Amino acid sequence: MFKLAPSILSADFGHLAEDVKKIEEGGADIIHVDVMDGHFVPNISFGAPVMKGLNGKTGLNYDVHLMIENPDQYIEDFITPQTEYITVHQEACVHLHRTIQNIKSKGIKAGVSINPATPVSTLECILEDVDLVLVMSVNPGFGGQKFIPGALEKVRQLAEIKKAKGLDFIIEIDGGITLNNIQEVLEAGVEMAVAGSAVFGAEDVVQRVKDFKKF
Ligand code: DX5
Ligand code: ZN
């Protein structure tokens, strides 16, 4: 059974608490929190105070996706009792190993993400240390973009390495996931899938989450 991580980037920020309650009702597994700084990506979303406003509103944990420069400076801000994963970008971390250890030292699961133009081989020396690898299937910065098919091959490569080396990181995909391509990404080896516009853009959000969870 895969995990569905709806991204609140596509939720109604005026009714965020109601929106997360809907995804919980539908059976979502975790809340994907997209943090953008206007530097690493060409868009600004929201920061830790907005995420913390959701504390206690649902029983769901947070899957924090930091699309920011200097993530070390902000990791502490995102730690709450509901924070399960904090993921940083390979491309944003000069000392990736240190950053991953820093996250783990705080009792939080650590993830690393790669952009569409970054090969899996850049993660070779960190895969043993991470709890999650997030493959971007769009260029990060915006919700509602089209899925980039090259991400599938990266997922397959990661699944192969994971098996061959007996590692236990989970494979997540993010960007352009819909009911039409979810089957394909799961077959490639995805264990956790992010969906933003495909969930919150639906007329009936609760039903849309249920439809995803049927796969
Ligand atoms: C992209 C974000 C994604 C995005 C997904 O920069 O990291 O999480 O919100 O949105 P959709 O599912 O609409 O592509
Ligand atoms: Zn994301």
Side-chain angles (χ1 to χ4, degrees), residues 2-13 16 19-20 22-23 26 28-48 50-51 54 60-69 71 74 78 83-93 103 109-118 130-152 154-155 170-186 190-203 205 208-209 211-213 215:
F2 84 105
K3 289 193 168 145
L4 181 67
S7 166
I8 54 170
L9 183 66
S10 295
D12 178 351
F13 290 169
L16 214 40
D19 276 5
V20 292
K22 284 184 197 168
I23 60 165
D29 297 279
I30 196 162
I31 301 170
H32 188 75
V33 178
D34 280 314
V35 181
M36 304 177 179
D37 65 353
H39 291 275
F40 179 67
V41 290
N43 193 14
I44 298 172
S45 57
F46 51 79
V50 170
M51 184 191 88
L54 295 175
L60 299 177
N61 285 341
Y62 303 130
D63 170 34
V64 181
H65 179 194
L66 294 180
M67 288 162 277
I68 64 174
E69 286 176 6
Y74 302 98
F78 287 91
T83 308
E84 184 167 352
Y85 293 96
I86 294 181
T87 295
V88 294
H89 267 262
Q90 185 272 351
E91 304 87 355
C93 297
I103 296 169
K109 294 177 190 162
V112 64
S113 181
I114 47 172
N115 282 334
T118 305
V130 295
D131 299 293
L132 177 150
V133 177
L134 172 52
V135 176
M136 288 307 301
S137 41
V138 296
N139 285 294
F142 304 92
Q145 301 182 82
K146 201 168 166 282
F147 182 80
I148 298 171
L152 287 171
K154 291 193 202 175
V155 170
I170 71 162
I171 305 174
E172 183 177 31
I173 198 157
D174 184 5
I177 300 300
T178 66
L179 289 173
N180 295 326
N181 60 18
I182 184 76
Q183 183 65 37
E184 199 180 6
V185 302
L186 294 179
V190 163
E191 294 156 298
M192 183 145 98
V194 178
S197 51
V199 167
F200 290 106
E203 194 74 42
V205 170
R208 181 57 58 87
V209 171
D211 290 343
F212 266 108
K213 288 296 293 182
F215 285 90

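As the structure lists them, so they are numbered: ligands from 1, and atoms in each ligand from 1. Please read all numbers here as calculations on a predicted model, not as lab measurements. Hydrogens, waters and symmetry mates are skipped; everything else that's a heavy atom, side chains included, is used.
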Numbering as shown, the atoms of ligand 1 that approach [X] to under 4.0 Å (heavy-atom distance):
| X | value |
| --- | --- |
| L9 | 9 (O) |
| H32 | 8 (O) |
| S7 | 8 (O), 9 (O) |
| M36 | 6 (O) |
| M67 | 6 (O), 7 (O) |
| V194 | 8 (O) |
| P140 | 6 (O) |
| A195 | 12 (O) |

For the 3.5 Å polar cut-off, considering only N or O atoms, please tell me whether [X] and ligand 1 meet it.
| X | value |
| --- | --- |
| G176 | yes |
| G144 | yes |
| G141 | yes |

What closest approach, in Å, do S10 and F200 show between heavy atoms, and which atom pair accounts for it?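 That closest heavy-atom pairing would be O-CB, 3.1 Å.
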Shortest non-hydrogen contact from K154 toward A117: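 In terms of heavy atoms, the two residues are closest at NZ-N, 4.3 Å.
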For [atom], what's the nearest protein heavy atom and its distance?
| atom | answer |
| --- | --- |
| atom 5 (C) of ligand 1 | D174 OD1, 3.5 Å |
| atom 10 (O) of ligand 1 | G143 CA, 3.6 Å |
| atom 12 (O) of ligand 1 | G196 N, 2.7 Å |
| atom 13 (O) of ligand 1 | S197 OG, 2.6 Å |
| atom 1 (C) of ligand 1 | F142 O, 3.6 Å |
| atom 9 (O) of ligand 1 | D34 OD2, 2.9 Å |

Would you say that [X] contacts [Y] through its side chain, given a criterion of any heavy-atom pair below 4.5 Å between the two side chains?
| X | Y | value |
| --- | --- | --- |
| V185 | F215 | no |
| F212 | I182 | yes |
| I103 | K109 | no |
| V205 | I23 | yes |
| F13 | V50 | no |
| Y74 | I86 | no |
| E172 | D63 | yes |
| Y85 | I170 | yes |

For H89 and F40, take the angle between the two ring planes, folded into 0 to 90°, and tell me which bin it lands in: parallel under 30, tilted 30 to 60, perpendicular over 60.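 The arrangement is tilted - the two ring planes meet at 30° to 60°.
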Look at ligand 1 and say whether A198 reaches it with a heavy atom at a distance under 4.0 Å.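 In this structure, A198 fails to qualify as a contact of ligand 1 - no heavy atom is under 4.0 Å.
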State, to the nearest 10 degrees, the angle whose vertex is the Zn ion (ligand 2) and whose arms point to ND1 of H65 and OD2 of D174.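 The ND1/OD2 angle about the Zn ion (ligand 2) sits at 90°.
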What N, O or S atom of D34 is found closest to the Zn ion (ligand 2)?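 Nearest to the Zn ion (ligand 2) within D34's N, O and S set: OD1.
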Around atom NZ of K3, are there more than 12 heavy atoms from other residues, nucleotides or ligands closer than 6.0 Å?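 Check fails, neighbour count at 12 or below.
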